[in-house]
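Notes to accompany the following structure.
In what follows, every heavy atom counts, from backbone to side chain, and hydrogens, waters and symmetry copies are set aside. Read the numbers this way: they start at 1 and go in the same order the structure lists the ligands and their atoms.
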Amino acid sequence: MPSPGPGRLAAAVEARLPFAERLFDAVRAETADTVGVTRPAWSAEDASAARIVAEAASDLGLEVGYDIAGNLRCTLPGADRGAPEVLTGSHLDSVPTGGHYDGLAGVIAGLVALAAFRDAGATPACDLTVAGLRGEESVWYGIAYVGSRIAVGSLPLEDLDRLRREDTGRTLAEHMAEVGVDVEALRAAPAAPVSPENTRAFLELHIEQGPVLVGEGIPVGIPTTIRGNVRFPYARCTGRYGHSGATPREWRHDAALAVVELVRTLDEFWIEREADGVPDTVFTVGKLFTDPAHHAMTKVPGRCDFTLNFGGTTKGFLDDGRNRTRVLAERIGRERRVEFDLGECVGSDPTPLDPRLRGRLRKSCGSLGLPVREFATVGHDASIFARAGIPAAMVLVRNAHGSHNPDEAMDLADFGEGTKVLGQAMAGLAV
Ligand SMILES: [Zn+2]
């Protein structure tokens, strides 16, 4: 029997929820810090999480191994071992003092789905594999998705020696070798392990990291697109320090008020675009500060540093945000007698998720009696697989209190619903 059928699969997932809870608890116990969990990629803690998940997968009778980057792979063999596989999973690493479910939920959901297939007595037509990916967070090396980029071959190999921990100066290659990755084999590897030829789809379950599902009382969401972004990480405005009481307006070169005018006008631009119906846009000024070595209540600020971060699902909005910023900085700088240096502008294009896979996920929600809620999401490993030409989609699970903090709160029941949606979509693909 290639597919267990929706009812049997759902019941089998339900029966495996205590297994999932034990696994969450075991990883948490091993990688806990004072209040949350800390698992930097290719650290001893990240390796412990991989070991615990690998042992659980072995106990389930799955084939367990690691790819050339040290990404964990747990496979339920299909009837045709040569057929392209269905891949699921998420990341094992975490931010410092992160939450219990970011990333790990997707790895454990994959294991539960595979266990449910086995428990229901089904043999999928192709291999079903769960990946425990490394290095999704950008904690030590300043770039994200390192494990999935290596898996699809989109990380330049020189980055293994170029990327260094900011605090210790040790390279990515050194850390990988320390937890058992054969870096020389990786350098010599002729092909990436994951390609459109050997992988028919990548499905990632992840906790929602924003407030939508909790706010609307819906357990599971389906992302439409992974937002792209345009970012100015090192922008600054330089004016001239002056005495706050003794300097009339026309003599001022106030860097702080110039930045405030810039960000207020960009906020209006964002509001206008939303009113025009441009969907799923965000705009954030995460840093805005005067220099504590020089600033004072009684000084006109001579310098103000800030960051700008536009996110959106259309390239048009992102291009407009970038251009508008440059034009405004020019005008406001002239009018206020200050100089803007916007610094490097970085970003990524939006990544639409696969419409057919999203259709399968909507159908799964429907057959489980769950409402269908679709909206854009933030960067995840799924975007790396999508950009490599592998059809990719995601399932988001309701989670209170945001993410990347120890207060992440996902109900096991919601996790179960999300895993059923995931499992059913995988079942539909593996026939
Ligand atoms: Zn994550």
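D267 has no carboxylate O lying under 4.0 Å from a charged side-chain N of R264, or vice versa, which leaves the two without a salt bridge. With respect to the salt-bridge test (charged N to carboxylate O, under 4.0 angstrom), the residues D102 and R39 do not qualify.
Around the Zn ion (ligand 1), the protein N, O or S atoms found under 2.8 Å comprise H91 NE2, D102 OD1, H206 NE2.
Checked by atom type, the side-chain pair E45/T31 shows no donor-acceptor distance below 3.5 Å.
Each of E21, R16, R22, E14 was checked for a side-chain contact (heavy atoms from CB on, under 4.5 Å) with P18, and the lone residue meeting it is R22.
Going from atom CG of L308 over to atom CG of L342 covers 7.0 Å, rounded to the nearest 0.5 Å.
Annotation for A189 and I68: closest pair CB-CD1, 3.9 Å, computed over non-hydrogen atoms.
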